[in-house]
Amino acid sequence: MKAVRPYSIKGKFLCSIIRFICLFLGLFMGKKWARSIEFEENPRTMSFGDLLYFTYKYYFKPPLLPSDESIIQHFKRRDEKEETFETILTVSIGGDLMPYELIKPENTQHLWDEAGADFFGSDIVFANLETPFDPGHKSGFVPEVMLNHMYFNTDETTFGIFSGNGSYKGYDILGIANNHSLDMGEKGLRKTIDTLNAKGIKTVGAKKNETDKDYEIITSKGIRIGFVAYTYSLNEFLPTPGREWMINDLSLNLPGCDIEIIKEQVRQCKEAGADLVICSMHCGNAYQVYPSRQTIDLFQRVFNTCGVDVIAGAHPHNLQPWQ
């Protein structure tokens with residue numbers, strides 16, 4: 001049997017150099033960077049210092065402590081009231097689905113062996129697709145070493161792996177509002193919607209026409225579940241002036257972010273008959289054990305004022321506490 005080499009020699013060498021640089025940085029900044037640093041984490045606004053910190057936590061060591069100690073206490077608080085529930089409908093929420101170079105058939109033969117039946121066995125399966133899916137463009141995968149702008153684009157093979165290698169029903173709906181939504185341009189975004197819809201998969205968070213609705217509703221077992229989705233950034237891109245309606249791009253990582261559009265879209269979704277609404281929020285700071293204070297406050301504000309029933313967080317690429 002042929003052994004699969006997970007990394008190329010060149011990629012491994014470059015990663016080693018970057019980690020050595022990060023170790024050197026850590027000798028001077030390790031104490032400060034042991035705690036999360038809150039910033040917008042938007043490529044359009046990153047300072048050089050922000051970029052160094054982001055590189056350090058990605059390649060070397062994610063901060064294990066939050067920006068302030070009160071965040072730990074926040075997640076230690078639990079409602080002590082015990083409740084018994086009768087399961088009527090199940091919803092799986094996953095993501096972020098990113099097209100890494102290593103996600104290949106030979107590396108993922110047993111990827112879903114333990115979790116697939118449970119995850120895809122829910123009545124409704126949702127995830128954030130953090131890549132365009134435009135068969136008309138060349139595929140663009142997440143490289144071993146990220147040294148420049150990365151323009152993602154997945155292909156049928158990788159998307160098939162995301163969807164369970166053909167062994168399960170796949171996704172009912174995917175969120176497509178995230179910081180890589182415009183990597184293939186507006187045409188690529190439209191093609192992504194067409195490609196997914198042709199597979200019977202609904203999309204939310206972006207749309208092709210201004211008159212298209214800003215939410216989706218899926219009915220299962222007589223219950224109507226609504227979905228809305230938003231992103232904090234489009235990396236270095238911005239929608240064409242006059243076509244900002246194409247994607248739900250809000251300044252979610254900045255204090256005092258205007259969330260009126262969320263209130264309005266949730267209102268429309270419930271008026272259309274949704275019994276409850278799941279809101280996908282692609283925001284926060286990546287590669288951290290704890291969310292930032294800004295994210296905690298934002299989620300509380302959205303939950304308390306926008307009428308959503310569940311907030312599905314995306315973007316950190318790291319398991320964080322839930323509430």
Side-chain angles (χ1 to χ4, degrees), residues 39-48 50-51 54 95-96 98-99 128-138 140 146 148-154 173-197 202-216 226-269 272 279-286 294-295 298 301-302 305-306 308 314-315:
F39 65 110
E40 190 184 7
E41 207 166 281
N42 187 335
R44 291 197 307 274
T45 61
M46 270 191 189
S47 68
F48 182 68
D50 293 337
L51 184 60
F54 186 85
D96 300 302
M98 298 182 69
N128 169 61
L129 180 64
E130 195 166 354
T131 175
F133 187 5
D134 180 358
H137 272 90
K138 182 181 178 181
M146 296 181 284
N148 51 23
H149 294 303
M150 298 172 296
Y151 302 125
F152 297 170
N153 188 37
T154 197
I173 180 169
L174 288 168
I176 54 173
N178 53 70
N179 53 308
H180 288 280
S181 297
L182 289 181
D183 281 10
M184 293 293 108
E186 291 180 356
K187 288 179 69 175
L189 179 59
R190 291 190 182 96
K191 190 62 178 177
T192 297
I193 295 171
D194 288 340
T195 302
L196 294 171
N197 290 172
K202 294 180 180 290
T203 57
V204 67
K207 57 187 185 180
K208 293 169 57 180
N209 306 296
E210 189 170 7
T211 54
D212 294 344
K213 61 184 183 293
D214 294 295
Y215 57 86
E216 280 293 345
F227 291 86
V228 293
Y230 309 89
T231 181
Y232 81 101
S233 165
L234 297 169
N235 289 342
E236 71 266 31
F237 299 110
L238 288 172
T240 301
R243 292 207 290 271
E244 290 84 0
W245 49 262
M246 283 194 70
I247 186 162
N248 287 329
D249 175 28
L250 308 175
S251 300
L252 299 172
N253 281 3
L254 293 179
C257 169
D258 187 352
I259 57 174
E260 287 302 313
I261 189 174
I262 303 178
K263 292 180 185 179
E264 176 59 21
Q265 292 180 2
V266 171
R267 182 191 65 78
Q268 293 174 12
C269 188
C279 175
S280 175
M281 304 280 281
H282 194 84
C283 61
N285 296 111
Q294 159 62 17
T295 302
L298 171 71
R301 194 155 58 101
V302 169
T305 66
C306 294
V308 304
H315 177 66

Open item on the list: Determine whether a donor-acceptor pair (N or O, by modelled atom type, separation under 3.5 Å) exists between the side chain of N179 and the backbone of N235.
Closed with: no
Open item on the list: Can you tell me if K207 has over 12 outside heavy atoms packed within less than 6.0 Å of its NZ?
Closed with: yes
Task: Atom pair NE2/OG1 of H137 and T154 - distance to nearest 0.5 Å - done: 14.5 Å
Task: Side-chain ion pair, K187 and D134, N-O less than 4.0 Å - done: no
Task: From CG (D50) to CZ (F39), nearest 0.5 Å - done: 4.5 Å
TODO: Report yes or no: does E130 contribute a side-chain atom to a donor-acceptor pair with the main-chain N or O of P99 at less than 3.5 Å?
DONE: no
TODO: Quick one: closest heavy-atom pair of L234 and S181, and the distance?
DONE: CD2-CB, 4.1 Å
Open item on the list: Check the orientation of H180 and F152. Use parallel for under 30°, tilted for 30 to 60°, and perpendicular for over 60°.
Closed with: parallel
Task: CA sep, side-chain torsions, deciding dist, call: C257, R301, side-chain contact (heavy atoms from CB on, under 4.5 Å) - done: CA-CA 10 Å; C257 169; R301 194 155 58 101; 4.1 Å; yes
Task: L182 and M246, any side-chain heavy atoms less than 4.5 Å apart - done: no
TODO: Can you measure from CG (D212) to CD1 (I193) and round to the nearest 0.5 angstrom?
DONE: 7.5 Å
Task: Taking every non-hydrogen atom, the tightest pair across C269 and G226 - done: SG-CA, 3.6 Å
Task: Side-chain donor or acceptor of D96 paired with backbone N/O of M98 under 3.5 Å - done: no
Task: side-chain hydrogen bond (donor to acceptor under 3.5 Å, both in side chains) partners of R267, counting only residues at least two apart - done: E264, E271
TODO: List the steps, then state whether side-chain contact (heavy atoms from CB on, under 4.5 Å) holds for S280 with F227.
DONE: CA-CA 8 Å; S280 175; F227 291 86; over 6 Å; no
TODO: Starting from the C-alpha separation in whole Å, work towards a yes-or-no answer on side-chain contact (heavy atoms from CB on, under 4.5 Å) for L298 and I259.
DONE: CA-CA 9 Å; L298 171 71; I259 57 174; 4.1 Å; yes
Task: Nearest-0.5 Å distance, CZ of residue R243 to CG of residue L189 - done: 11.0 Å
Task: Sub-4.5 Å side-chain heavy-atom contact between T131 and D183 - done: no
Task: Verdict with reasoning, V228 to N248, per side-chain contact (heavy atoms from CB on, under 4.5 Å) - done: CA-CA 9 Å; V228 293; N248 287 329; 5.9 Å; no
Open item on the list: Under 4.0 Å between a side-chain nitrogen and a carboxylate oxygen: does that hold for E216 and K213?
Closed with: yes
Open item on the list: Ring-plane angle category for Y232 and H282, please: parallel below 30°, perpendicular beyond 60°, tilted otherwise.
Closed with: parallel
Open item on the list: Looking at V266, is its backbone amide N or carbonyl O close enough to the side chain of Q268 to form a donor-acceptor pair, meaning the two atoms are under 3.5 Å apart?
Closed with: no
- [ ] Can you see which heavy atom on I173 is nearest to which on T203, and at what distance?
- [x] CG1-N, 4.4 Å
Task: Donor-acceptor contact below 3.5 Å, side chain N253 vs main chain G284 - done: yes
- [ ] Mind checking the CG-OG1 spacing from N153 to T192? Nearest 0.5 Å is all I need.
- [x] 6.5 Å
- [ ] Just grab all the ring-ring contact (aromatic ring centres under 6.0 Å, His included) pairs involving residues 245-265, residues at least two apart or on different chains.
- [x] none
- [ ] Of all the heavy-atom pairs spanning Q265 and Y215, show the shortest one and how long it is.
- [x] O-CD2, 4.2 Å
- [ ] Measure the spacing between CD1 of I261 and CG of L250 and express it to the nearest 0.5 Å.
- [x] 5.5 Å
Task: Heavy-atom donor-acceptor pair, D194 side chain to K191 backbone, under 3.5 Å - done: no
Task: Test side-chain hydrogen bond (donor to acceptor under 3.5 Å, both in side chains) applied to S233 and N42, D249, N178, the passing residue - done: N42
